[in-house]
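For reference, the structure discussed in these notes is given below.
What's counted below: heavy atoms across the whole structure, side chains too, no hydrogens, waters or symmetry copies.
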Amino acid sequence: MAVALDRIRVGSAPDSWGVWFPDDPQQVPWQRFLDEVAEAGYSWIELGPYGYLPTDPARLTDEVNKRNLKVSAGTIFCGLHRGPSEWDSTWEQVGRVAALTRAMGAKHLVVIPSFWRDDRTAEILEPPELTTEQWGHLTRGMERLGREVRDTYGLDIVVHPHADTHIDTEEHVERFLDSTDSDLVNLCLDTGHYAYCGGDSVKLIETYGERIGYLHLKQVDPDVLADVVKNEIPFGPAVQRGVMCEPPAGVPELGPVLTAAQKLGVDLFAIVEQDMYPCEPDKPLPIAARTRKFLRSCGA
């Protein structure tokens, strides 16, 4: 019998419907995403890329309420490792996303570091390793962001380790956590991205439990991943090859991850994200429904 995961609140996100951009002809319309995520059995959603869902709080509130949905978080991308010159453009983006996130009653802002390799073209944009100076910019910048987002919007930032960014591997994630103040900055642990970059989610939860503020649930196909690593394939093309797969077919096993998270004794969102951009419009709903059923079998 599965452990009762009464501290885990399961949701999904536009990502699981193949949505990566605010507006893209290869993506399903936002109304269909909302209809189907509710039909699949989820009650929590993320905003996804700002501008995909309606950005007027009154309209979005109406749309989610009539489907019995609630919003858990918004998301921003930033390149704070580049130094103080990045602050103004970052804060401008935060202003739009955090205001809508707060208006929807959510408490978290997911922060994804900027990519060193272009998601679509595979162009190398920056070196994959930060200098000591850049690490200082990154950690101080994230602490400032955490402080100002909390003071201005009442939200907690959760930084999302991500493939093809500077916060990716176990070594980089641990360095980031060891260099930042836990009162200001915590982690959105994405189980798929962490496995993609060679990390062990259960170990991270057990070692840095007080820093786990939010979860993204996904799995990688180990066979596809081996080919991706061998051939140095960028994340975007890797997704098109199916590197992020439907649970429970991949790694890590989500049951042990959820059990480890439950043992932390705090309420945590666990948002399903199966990267599928681009995908056929009829593909996401059956996968989402089966994944919700699988997570119930784990106790979530």
Side-chain angles (χ1 to χ4, degrees), residues 5 7-20 33 37 40 42-49 52 71-77 97 101 106-113 115 119 156-165 167-170 173 176-177 185-197 199-202 204-205 208-209 211-221 225 235 238-239 243-248 250-262 264 266-277 284 287-288 291-292 294-295 298 300:
L5 302 174
R7 305 304 292 266
I8 307 297
R9 291 170 285 184
V10 171
S12 192
D15 190 35
S16 293
W17 267 255
V19 174
W20 273 6
F33 160 68
V37 75
Y42 298 91
S43 54
W44 292 95
I45 60 164
E46 290 186 3
L47 295 176
Y52 174 67
V71 174
S72 61
T75 303
I76 67 153
F77 292 81
V97 178
T101 302
K107 302 295 185 190
H108 295 90
L109 187 67
V110 177
V111 179
I112 300 179
F115 287 53
D119 228 13
D156 290 330
I157 71 165
V158 280
V159 177
H160 182 321
H162 195 292
D164 288 0
T165 76
I167 307 177
D168 50 1
T169 62
E170 179 180 17
V173 170
F176 178 75
L177 291 174
V185 179
N186 284 305
L187 215 62
C188 168
L189 171 57
D190 183 305
T191 60
H193 278 280
Y194 201 50
Y196 184 103
C197 299
D200 180 333
S201 288
V202 171
L204 188 68
I205 292 168
Y208 286 90
R211 305 299 298 275
I212 307 298
Y214 200 92
L215 295 172
H216 279 172
L217 300 181
K218 67 172 67 139
Q219 289 189 327
V220 296
D221 180 319
L225 180 62
F235 182 65
V239 167
V243 72
M244 298 298 180
C245 63
E246 179 182 344
V251 296
E253 280 189 75
L254 294 180
V257 171
L258 290 166
T259 298
Q262 169 73 18
L264 297 176
V266 296
D267 292 329
L268 283 173
F269 283 107
I271 305 299
V272 176
E273 280 200 334
Q274 183 181 341
D275 292 278
M276 288 196 286
Y277 176 86
I287 292 175
T291 301
R292 187 69 194 93
F294 166 70
L295 291 172
C298 296

Worked verdict on D156 versus K107 for side chain to side chain contact (heavy atoms under 4.5 Å, CB included): CA-CA 6 Å; D156 290 330; K107 302 295 185 190; 5.7 Å; no
Verdict with supporting geometry, F235 and M244, side chain to side chain contact (heavy atoms under 4.5 Å, CB included): CA-CA 10 Å; F235 182 65; M244 298 298 180; 3.6 Å; yes
Pair L295-L258, side chain to side chain contact (heavy atoms under 4.5 Å, CB included): steps then yes or no: CA-CA 9 Å; L295 291 172; L258 290 166; 4.0 Å; yes
Steps toward side chain to side chain contact (heavy atoms under 4.5 Å, CB included) verdict (V202, V257): CA-CA 5 Å; V202 171; V257 171; 3.9 Å; yes
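One distance of note links CD of E273 with CG of L215; it measures 11.5 Å at 0.5 Å rounding. Separation of atoms CZ (F33) and CG (D15) is listed at 9.5 Å; rounding is to 0.5 Å. Put simply, NE2 on H216 and OG on S12 are 9.5 Å apart, with the number rounded to the nearest 0.5 Å. To the nearest 0.5 Å, atom NE2 of residue H160 and atom CD1 of residue I112 are 4.5 Å apart. Between the OH atom of Y214 and the CG atom of N186 there is a distance of 14.0 Å, given to the nearest 0.5 Å. The CD1 atom of I205 sits 5.5 Å away from the CD1 atom of I212 when rounded to the nearest 0.5 Å.
Side chains of W17 and M276 form no contact here, defined as non-hydrogen atoms less than 4.5 Å apart. With a 4.5 Å cut-off on side-chain heavy atoms, Q262 and I8 count as touching. Considering only heavy atoms from C-beta on, L225 stays 4.5 Å or farther from V251 through its side chain. Side-chain contact between I271 and S72 is present, with heavy atoms from C-beta onward closer than 4.5 Å. In this structure, V173 and Y208 have side chains that are not in contact, with every pair of non-hydrogen atoms separated by 4.5 Å or more.
Between A163 and C197, the shortest heavy-atom contact is CA-SG, 3.8 Å. The two residues A288 and Y42 have their closest heavy-atom pair at O-OH, 2.8 Å. Here the closest non-hydrogen pair linking P49 and V19 is CG-CG1, 3.9 Å. Considering every non-hydrogen atom in both Q274 and S16, the closest pair reads N-OG, 3.0 Å. Taking every heavy atom of both residues into account, E246 and Q219 meet most closely at O-OE1, 4.0 Å. T165 approaches P113 most closely through the heavy-atom pair CG2-O, 3.4 Å.
The pair D190-K218 meets the salt-bridge criterion, since a charged nitrogen lies less than 4.0 angstrom from a carboxylate oxygen.
When V111, V159, V158 are each tested for a side chain to side chain contact (heavy atoms under 4.5 Å, CB included) with V185, only one passes: V159.
In this pair, H193 and H162 present their aromatic rings tilted. The plane angle is within the 30 to 60° band.
Although no hydrogens or angles enter the test, the distance criterion places a donor-acceptor pair under 3.5 Å between the side chain of R211 and the main chain of L177.
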